[in-house]
Amino acid sequence: MANIINFLPKETAIIALILLSLRLMLRIGIVGLGYWGPNLVRNFNNLTDAKVTCVADFDEKRLARIKSNYPAIETYASAEEIISRTDVDAVVLATPIKTHYELAKKALENNKHVLVEKPLATSNAEVTELIEIAERMGKVLMVDHTFLYTGAVRKIRGLMDEGEIGELQYFDSTRVNLGLFNPNWSVIWDLAVHDLSIFDYITAGKKVAGVSATGISHTKMPIEDIAYITLYFNDNTIAHITSSWISPVKIRKTLIGGSKKMVIYDDVEPTEKIKIYDSGFSVSTPEEMHQWLIDYRFGDIYIPKLEQTEALLGVAKDFTKAIMEGTRPVSDHQSGLHVVTILEAAQKSMLGKGKLIEI
Ligand SMILES: NC(=O)c1ccc[n+]([C@@H]2O[C@H](COP(=O)([O-])OP(=O)(O)OC[C@H]3O[C@@H](n4cnc5c(N)ncnc54)[C@H](O)[C@@H]3O)[C@@H](O)[C@H]2O)c1
């Protein structure tokens, strides 16, 4: 094609190049323009190989706001109008959790690549079915686990991969604030989803053996606004996640302990989000059971420099790259499946007041 363009008159060649580049641009439709959707519109709009051609929402005011900022984007009153278009290559869903399965299924069956906001769906069965449809249709199905695209979480994954942390002993994460109550799902589907996706990513998908969770509601609805999840494994790792919408302060802190080093990841810190402690303990081999000794080691603390680019731009780039180059996205549907499977088990465990649910 480039060779043919060389022989065309200059004006025709320019038009041909514009048409060629438009054809190669992925045409993205975004559904849901509430709290999160406009961030997706802004980031997808900043890509060079994709453009947002249309958006949909039930709310006219939300559509009008996007139209005034991006006049070239077409607006529609429902998801179906975008999903059924033949001039849309990929659909991004930023709608409430309960709509994800239905809308993603329709979009895949209408030959669209799909990026779904976290969590991918509401059950293991739903996600498994979506994966089957995506594979049958040859389409990319990805979930937006935004934190996997932050410099901090990528750094922790690197440390784990390089063996800097040693054997993982514990993962202890707290994500609390005075949050927006949602009448349709408990706090774990809103907040723990982040911690679970981070855990799954930094451990390269470590298999969870069982889940126990407790939580309580402080409203008349049976929707837990504070919850504690414990994950068990087939080795001596343990993971614990605290989620709350009823804390007066915002805490986003994760402790990761290994046999060699320990990491504190504090996402509220503006720059020094990660501190690596060259500290640990060792247990000397006991000669007699009552004589065992624990030695503590306190070494240096290291604060690494982190990449500062906006995570959501990384999500948008990874999605378009997966479509155009056939690469596997970091936040792929398997990551979505692992997280939803644990959330579903945790919700079941909360109903049974902490009953252990095997995975
Ligand atoms: N990745 C993150 O850090 C992050 C942060 C916040 C929210 N989210 C996720 O984004 C999703 C949306 O959350 P939100 O807080 O923006 O919700 P929201 O309630 O503020 O907005 C949802 C919007 O979707 C629209 N909508 C629903 N069904 C529709 C349909 N069939 N057709 C057209 N429009 C439809 C609603 O009118 C509403 O404007 C959720 O899955 C949530 O978990 C992710």
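Keep in mind that the numbers below use all heavy atoms, side chains included, and drop hydrogens, waters and symmetry copies. Being a predicted model, the structure only gives us computed values, none of them experimental.
- Salt bridge status for Asp59 with Lys61: absent, with no side-chain N to carboxylate O gap under 4.0 Å.
- A distance-only check finds a donor-acceptor pair linking the side chain of Ser331 to the backbone of Val143 [under 3.5 Å].
- Residues satisfying the side chain to side chain contact (heavy atoms under 4.5 Å, CB included) criterion with Ile223, sequence neighbours excluded, are Ser186, Met221, Trp245.
- Using modelled atom types, no side-chain atom of Asp200 and backbone atom of Ser335 make a donor-acceptor pair closer than 3.5 Å.
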List the steps, then state whether side-chain contact (heavy atoms from CB on, under 4.5 Å) holds for Glu80 with Leu103.
CA-CA 8 Å; Glu80 283 71 15; Leu103 293 178; 4.0 Å; yes

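- Residues Glu129 and Lys105 have side chains in contact (heavy-atom distance under 4.5 Å, counting atoms from C-beta outward).
- In this model, a donor atom of one side chain and an acceptor atom of the other lie less than 3.5 Å apart for Trp189 and Gln347.
- Panel note: side chain Asp89, backbone Arg27; a donor-acceptor pair is recorded below 3.5 Å.
- For the pair His100 (side chain) and Thr95 (backbone), a donor-acceptor distance under 3.5 Å is present.
- Heavy atoms from other residues, nucleotides or ligands lying under 6.0 Å from CD1 of Ile294 number more than 12.
- When side chains are defined from C-beta on, Lys67 does not count as touching Ile73, because their heavy atoms never get closer than 4.5 Å.
- How far CG of Asp266 is from CZ of Arg252: 10.5 Å, rounded to the nearest 0.5 Å.
- Side-chain N or O atoms of Thr75 include none that pairs as donor or acceptor with a backbone N or O of Leu63 at under 3.5 Å.
- A cation-pi arrangement is present between Lys206 and Phe233, with the terminal nitrogen or guanidinium carbon under 6.0 Å from the aromatic centre and inside a 45° cone about the axis.
- Annotation: cation-pi pair Arg157/Tyr265 absent, no NZ/CZ under 6.0 Å from the ring centroid and within 45° of its normal.
- No hydrogens or angles considered: nothing links the side chains of Asn45 and Tyr70 as a donor-acceptor pair under 3.5 Å.
- Side-chain N or O atoms of Asn110 include one that pairs as donor or acceptor with a backbone N or O of Lys106 at under 3.5 Å.
- A salt bridge links Asp278 with Arg297: the closest approach of a Lys/Arg side-chain nitrogen to an acidic carboxylate oxygen falls below 4.0 angstrom.
- The distance from atom CD1 of Ile133 to atom CG of Leu141, rounded to the nearest 0.5 Å, is 9.5 Å.
- In terms of modelled atom types and a separation under 3.5 Å, the side chain of His113 and the main chain of Val140 share a donor-acceptor contact.
- For the side chain to side chain contact (heavy atoms under 4.5 Å, CB included) with Phe199, the lone residue among Thr254, Leu168, Ile256 that qualifies is Leu168.
- Among pairs with a residue in residues 34-45, those fulfilling salt bridge (Lys or Arg N to Asp or Glu O under 4.0 Å) read Arg42-Glu310, at least two apart in sequence or across chains.
- Other residues, nucleotides and ligands place more than 12 heavy atoms under 6.0 Å from the CG atom of Leu356.
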Side-chain donor-acceptor pairs of residues 116-125 under 3.5 Å, sequence neighbours excluded:
| from | atom 1 | to | atom 2 | distance (Å) |
| --- | --- | --- | --- | --- |
| Glu117 | OE2 | Trp36 | NE1 | 2.9 |
| Lys118 | NZ | Asp190 | O | 2.9 |
| Lys118 | NZ | Asp190 | OD1 | 3.4 |
| Thr122 | OG1 | Glu126 | OE1 | 2.9 |
| Thr122 | OG1 | Glu126 | OE2 | 3.1 |
| Ser123 | OG | Glu126 | N | 3.1 |
| Asn124 | OD1 | Thr128 | OG1 | 3.2 |
| Asn124 | ND2 | Thr341 | OG1 | 3.0 |

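- Residues Ile241 and Leu196 meet the side-chain proximity criterion, which asks for heavy atoms closer than 4.5 Å.
- A donor-acceptor contact shorter than 3.5 Å is absent between the side chain of Lys112 and the backbone of Leu108.
- With hydrogens and angles disregarded, a donor-acceptor distance shorter than 3.5 Å links the side chain of Arg154 to the backbone of Leu148.
- Side-chain atoms of Ser279 never come within 3.5 Å of backbone atoms of Phe298 as a donor-acceptor pair (strictly under, hydrogens ignored).
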